[in-house]
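Below, all heavy atoms of this structure are taken into account, side chains as well, without hydrogens, waters or symmetry copies.
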Amino acid sequence: MTTVSPLRRIAPTVWLLAWLLAVAVPAAAEEVDLELVLLADATGSIDDDEIRFQRQGYATAITDPAVIGAIQDNLIGRIAVTYVEWGGATSQDVVVDWTIIDGPESAARFAQALSGPPRRAFGRNAIGSALLFGKRLIDDNGITGIRRVIDLSADSANNWHGVPLPVARAEVVAAGIVINGLAVLCRNCSGRPAAYDLEDAFARWIIGGPGAFVVTADSPATFAEAVRRKLILEIAETQPRTQVATSEGSATPTGADTRGGTR
């Protein structure tokens, strides 16, 4: 008669219990100083060359030593970033998924990833839908950030269809997510919107939450620099909450209200 040792009899039970515990207890969420969704304009006014220009501007900015220094000087020393191109109400594309950036190497990987995927977002402005898409990305990412920010770039403040902008803005801000803006005044020198002041429209209708601000890119030459400054402000959280930062370094009161909307 073969004798089975007590240890061999209980081993399967021990392994089963260990497996059940592993399944039942979720992995701890990654902790970061900042969860940042970069929502880049890919609407009908943006051609493919401008899509590449925008991506290169963000790639240059995210790898800048001053941006890396701002990341590493924070409490935890790392941020989570995703880059999304947005167009119409049902057209939002995650170009680069959530990436933890904690130094030059991870920043370089994020920058390199920006150059690969083809353009997949098109359509007429649906800023409200883009903001809620960004909120879902934050809600579902399994990351815990001390701060959460959606950063929207656009050359227009119009919201032609999709979720109404006041509704989307209110939902995002109520969730504790700050909305910052990059007002792009000139890519191929199409210039400022003729009917309204773009920076003022961003301040009144798009940005929201504590410390929200607008940075202006007013020429192709200043685009990457404006993105760099904006990233530093967001990462270091040094921008006064009642001001709009411009690419030249000046600041003016936002005059922002809580209603949202478009002209």
Checklist entry - Tracing side-chain links under 4.5 Å among I, L, V, M, F, W and Y, which residues wind up in one group with I146? => result L75, I76
Item to check | Test salt bridge (charged side-chain N to carboxylate O under 4.0 Å, His left out) applied to R109 - qualifying residues, sequence neighbours left out | outcome: none
Checklist entry - Can you name the side chain to side chain donor-acceptor pair (under 3.5 Å) partners of T60, sequence neighbours left out? => result Q56
Next on the checklist: Listing request: all salt bridge (Lys or Arg N to Asp or Glu O under 4.0 Å) pairs with a residue in residues 53-65, at least two apart in sequence or in separate chains.
Outcome noted: R55-E85, D64-R228
Next on the checklist: Just to verify, what does D33 make a side chain to side chain donor-acceptor pair (under 3.5 Å) with, not counting sequence neighbours?
Outcome noted: none
Item to check | Partner set under side chain to side chain donor-acceptor pair (under 3.5 Å) for R124, not counting sequence neighbours | outcome: none
Item to check | Sequence neighbours excluded - salt bridge (Lys or Arg N to Asp or Glu O under 4.0 Å) pairs with any residue from residues 89-105 | outcome: D93-R120
Checklist outcome for this item: For D140, the salt bridge (charged side-chain N to carboxylate O under 4.0 Å, His left out) test, sequence neighbours excluded, returns none
Checklist outcome for this item: Residue pairs meeting salt bridge (Lys or Arg N to Asp or Glu O under 4.0 Å), one or both in residues 67-83, sequence neighbours left out, come to E30-R78
Checklist entry - Sequence neighbours excluded, which residues qualify as side-chain contact (heavy atoms from CB on, under 4.5 Å) partners of S91? => result A121
Checklist entry - Sequence neighbours excluded, which residues qualify as salt bridge (charged side-chain N to carboxylate O under 4.0 Å, His left out) partners of R136? => result none
Checklist entry - What pairs meet the ring pair (Phe, Tyr, Trp, His ring centres under 6.0 Å) rule with one or both residues in residues 67-96, with sequence neighbours excluded? => result Y58-Y83
